[in-house]
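Just below is one structure, and these are the notes that go with it.
Values reported hereafter were calculated over all heavy atoms of this structure, with side chains retained and with hydrogens, waters and symmetry mates removed.
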Amino acid sequence: MSEVQDHYRNFLARHYTWMFGTPFAAKVAEQKTILEDALQPTAASRDLGLAIDLGSGSGFQTFALSEIGYSPVLAVDSSEALLKELQAHQGSRPVQTICGDLSKLNGFVSPATAQVIVCMGDTITHLSNEGAVEELLRSVADTLIPGGTFVISYRDLSVEVTGLDRFIPVYADEGKVMTCFLEFDRPDTVLVHDLLYNREGQQWRLEKSNYRKLRLPVDWLEDAMVRVGFKVHRGQAGRLLRLVGHKPQAR
């Protein structure tokens, strides 16, 4: 995932939290509502077991899982800058961070130990190809306990958009304006261009970078989850698609 890592290191990490256009705590609260709906926690205890956030970014889902009652929560991301931001918000929460490739999950965690694993905010489309996605799904299934749950949220970019629909406003305030442009130049990936104008006095300075995302049809992704043993339910996570995979209980 070196192209994605370079994009975050050289451009996106320093704008990542800002571009959601909402206070950090409000974004955590939003994700907590989404995850409670997906996970339906029923235990009265505040210790629901290990949860893993793959592609944690600055920690929206990580802290949401902690507030629901999962402990510890392992935040995995390849961006040192975003993990440092997460740590700055951590306080006394039982959160651990790992800077590394989420596709190497088996190297971070023992099999059959996690109650919940999440991979949200379009992170799964950062993988290099469908084979890498299937490999991650198998690793997730191996890492979950029987009865554990896997939650994905992402954008299905499999249907090409054309013309002006390729331009997506991200967020703007008095000092920054961010826009995304999608280039559907390959059948399996889309080239994502991020353009950001920074105000410097009376001038605007342009920053720009691009990287590739997978075009994963939701039917393919659901079928892939089923192939590795999950029972899958579809839903929505705000403006993103949501897939919830349940690992069967041991017999």
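A donor-acceptor distance shorter than 3.5 angstrom exists from the side chain of Glu3 to the backbone of Arg212, with no hydrogens or angles considered. Not one N or O on the side chain of Thr189 forms a donor-acceptor pair closer than 3.5 Å with the backbone of Arg186. Put simply, the side chain of Arg166 never gets that close to the backbone of Leu182: no donor and acceptor are under 3.5 Å apart. A donor-acceptor pair under 3.5 Å is formed between the side chain of Asp77 and the backbone N or O of Ser56. Not one N or O on the side chain of Glu36 forms a donor-acceptor pair closer than 3.5 Å with the backbone of Gln40. Within the 3.5 Å criterion, the main-chain N or O of Ser158 finds a donor-acceptor partner in the side chain of Arg215. Judged by distance alone, the side chain of Gln90 and the main-chain N or O of Val95 form a donor-acceptor pair under 3.5 Å. Judged purely by atom type and a 3.5 angstrom limit, Asp194 has no side-chain atom pairing as donor or acceptor with the backbone of Ser209. Of the possible polar contacts, none joining the Tyr70 side chain to the Gln115 backbone as a donor-acceptor pair under 3.5 Å is found. Looking only at distances, a side-chain donor or acceptor of Asp156 sits under 3.5 Å from a matching main-chain atom of Val218.
Between His15 and Trp18, the two ring planes are perpendicular [angle over 60°; tilted spans 30° to 60°]. Relative orientation of the His126 and Tyr211 rings is perpendicular, given thresholds of 30° and 60° on the angle between their planes. Ring geometry for His246 against His233 counts as perpendicular: the plane angle is over 60°, on a 0 to 90° scale with 30° as the lower cut. Ring planes of Tyr16 and Phe60: parallel class, angle under 30° (limits at 30 and 60°).
Placement of Val228 and Val133 within a single hydrophobic cluster is found when ILVMFWY residues are connected by side-chain heavy-atom separations under 4.5 Å, directly or transitively. Linking Ile, Leu, Val, Met, Phe, Trp and Tyr whenever their side-chain heavy atoms come within less than 4.5 Å puts Leu136 and Trp220 in one cluster. Under the 4.5 Å side-chain heavy-atom criterion for Ile, Leu, Val, Met, Phe, Trp and Tyr, Phe24 and Met19 are members of the same hydrophobic cluster. The hydrophobic clustering, which links ILVMFWY residues whose side-chain heavy atoms are closer than 4.5 Å, places Leu195 and Trp204 together. One hydrophobic cluster holds both Val226 and Leu137 under the rule that ILVMFWY side chains link at heavy-atom gaps under 4.5 Å.
Here the side chains of Gln61 and Val151 are not in contact, with every heavy-atom distance at 4.5 Å or above. Side chains of Asp122 and Lys213 form a contact here, defined as non-hydrogen atoms less than 4.5 Å apart. Taking 4.5 Å as the limit, some side-chain heavy atom of Lys247 sits within range of a side-chain heavy atom of Phe230. Looking only at side-chain heavy atoms (C-beta outward), Met178 and Leu12 come within less than 4.5 Å of each other. For the pair Val4/Thr123, no side-chain contact is recorded, criterion being any heavy-atom separation below 4.5 Å from C-beta on. Here the side chains of Phe150 and Cys119 are in contact, with some heavy-atom distance below 4.5 Å. Side-chain contact between Arg242 and Asp37 is present, with at least one heavy-atom pair separated by less than 4.5 Å. Annotation: side chain of Leu243 is in contact with side chain of Leu221 (closest heavy-atom distance under 4.5 Å).
Other residues, nucleotides and ligands place no more than 12 heavy atoms under 6.0 Å from the CD atom of Glu135. For Arg155, the CZ atom is loosely surrounded, since the number of other residues' heavy atoms within 6.0 Å does not exceed 12. Within a 6.0 Å radius of CZ in Phe11, other residues, nucleotides and ligands contribute more than 12 heavy atoms. Around CD of Gln87, the count of heavy atoms belonging to other residues, nucleotides or ligands within 6.0 Å exceeds 12.
Nearest approach of Ser66 to Pro94, heavy atoms of both residues: OG-CD, 3.5 Å. Minimum interatomic distance between Ala81 and Ala13 (heavy atoms only, all atoms of both residues): CB-CB, 4.1 Å. Residues Val232 and Met225 approach most closely at CG2-CB, 3.6 Å, considering heavy atoms. Heavy-atom minimum distance, Leu35 versus Ala64: CD1-CB, 4.0 Å. When all heavy atoms of Leu86 and Gly59 are compared, the pair lying nearest together is CD1-CA, 3.5 Å. Across all their heavy atoms, Gly121 and Leu240 have their closest contact at CA-CD1, 3.8 Å.
Distance check: Leu127 CG to Glu134 CD gives 12.0 Å after rounding to the nearest 0.5 Å. Taken to the nearest 0.5 Å, the CD atom of Gln96 stands 8.5 Å off from the OG atom of Ser71. To the nearest 0.5 Å, atom OG1 of residue Thr143 and atom CZ of residue Phe108 are 10.5 Å apart. For the atom pair CG of Leu157 and CG of Asp188, the computed distance is 12.5 Å after rounding to the nearest 0.5 Å. Taking CD1 from Ile98 and OG from Ser78, the interatomic distance works out to 13.0 Å, rounded to the nearest 0.5 Å. Thr113 contributes atom OG1, which lies 10.5 Å from atom CG of Asp142 (distance to the nearest 0.5 angstrom).
Exactly one of Ile68, Thr97, Ile52, Thr62 qualifies for a side-chain contact (heavy atoms from CB on, under 4.5 Å) with Val73. That residue is Thr62. Each of Leu102, Leu54, Ile152 was compared with Ile124 under the side-chain contact (heavy atoms from CB on, under 4.5 Å) criterion, and only Ile152 meets it.
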CA sep, side-chain torsions, deciding dist, call: Asn198, Leu196, side-chain contact (heavy atoms from CB on, under 4.5 Å): CA-CA 6 Å; Asn198 268 308; Leu196 186 135; 3.2 Å; yes

Is there a salt bridge (charged side-chain N to carboxylate O under 4.0 Å, His left out) between Asp173 and Lys176 once you walk through the steps? CA-CA 5 Å; Asp173 62 18; Lys176 295 181 183 180; over 6 Å; no

Can Met120 and Ile34 be said to form a side-chain contact (heavy atoms from CB on, under 4.5 Å), step by step? CA-CA 11 Å; Met120 301 181 72; Ile34 289 171; 4.1 Å; yes

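For the pair Arg93 and Phe63, the cation sits on the ring face: its NZ or CZ lies under 6.0 Å from the ring centre, inside 45° of the axis.
In the model, Glu85 has a side-chain atom that pairs as donor or acceptor with a side-chain atom of Thr17 under 3.5 Å.
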